[in-house]
Amino acid sequence: MNKIKIPIFTILIIIFSFIGIKKLIYIYQIKDLKNKEELNLNESIRVLNECFDLENKNKRTLNKSIELIEYCLEEYGYKK
């Protein structure tokens, strides 16, 4: 009976180890993907803020501001 229990126990440990390793790899892949998306989003925010020229916003009319925003979004909008 002990000869059967030891191999079964060993096989179960190996199976659960592989499942755990697979889950850890998946978790790290998700974290890496989120970091890349966050970096892309932050870069887009930085470029758009520069394009909007917020320091001189009081010198523009509302229509000119809207045109500038539309241009910036078309030219430098969020890119994957």
Side-chain angles (χ1 to χ4, degrees):
M1 195 67 162
N2 276 343
K3 290 182 180 182
I4 296 174
K5 287 182 181 180
I6 293 175
I8 290 175
F9 184 69
T10 305
I11 291 172
L12 287 175
I13 289 176
I14 292 171
I15 290 172
F16 285 125
S17 296
F18 282 133
I19 292 172
I21 291 170
K22 187 175 177 182
K23 291 281 186 185
L24 286 175
I25 291 172
Y26 177 75
I27 288 170
Y28 283 115
Q29 287 175 342
I30 295 296
K31 284 183 180 180
D32 188 43
L33 182 62
K34 286 181 182 179
N35 287 340
K36 286 180 183 177
E37 288 177 354
E38 188 174 329
L39 288 175
N40 286 339
L41 184 60
N42 287 340
E43 180 64 18
S44 295
I45 289 170
R46 185 189 63 77
V47 169
L48 286 174
N49 280 336
E50 288 177 8
C51 182
F52 289 157
D53 190 24
L54 296 175
E55 293 175 7
N56 297 319
K57 67 180 179 182
N58 292 333
K59 298 176 184 175
R60 290 190 300 268
T61 64
L62 184 58
N63 287 336
K64 289 291 182 185
S65 291
I66 291 173
E67 289 175 9
L68 178 63
I69 291 170
E70 288 174 350
Y71 168 78
C72 291
L73 288 175
E74 287 176 12
E75 192 68 26
Y76 304 107
Y78 178 72
K79 297 175 184 172
K80 293 182 180 182

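Everything quoted here is computed from the prediction, not taken from an experiment.
Between Ile14 and the choices Leu12, Ile11, Thr10, the side-chain contact (heavy atoms from CB on, under 4.5 Å) rule is met once, by Thr10.
Classification of Glu50 and Arg46 as a salt-bridged pair holds, one side-chain N sitting under 4.0 Å from a carboxylate O.
One finds the CZ atom of Arg60 at 11.0 Å from the CD atom of Glu67 (value rounded to the nearest 0.5 Å). The distance from atom NZ of Lys23 to atom CD1 of Ile27, rounded to the nearest 0.5 Å, is 8.0 Å. One distance of note links CG of Leu68 with SG of Cys51; it measures 5.5 Å at 0.5 Å rounding. Note that CD1 of Ile66 is 12.0 Å distant from NZ of Lys64, once rounded to the nearest 0.5 Å. Rounded to the nearest 0.5 angstrom, Lys31 NZ and Tyr28 OH are separated by 5.5 Å. Here the straight-line distance linking atom CD of Glu38 with atom CD1 of Ile45 works out to 9.0 Å at 0.5 Å rounding.
Side-chain contact between Asp32 and Lys36 is present, with at least one heavy-atom pair separated by less than 4.5 Å. Side-chain contact check for Leu33 versus Gln29: every heavy-atom pair is 4.5 Å or farther apart.
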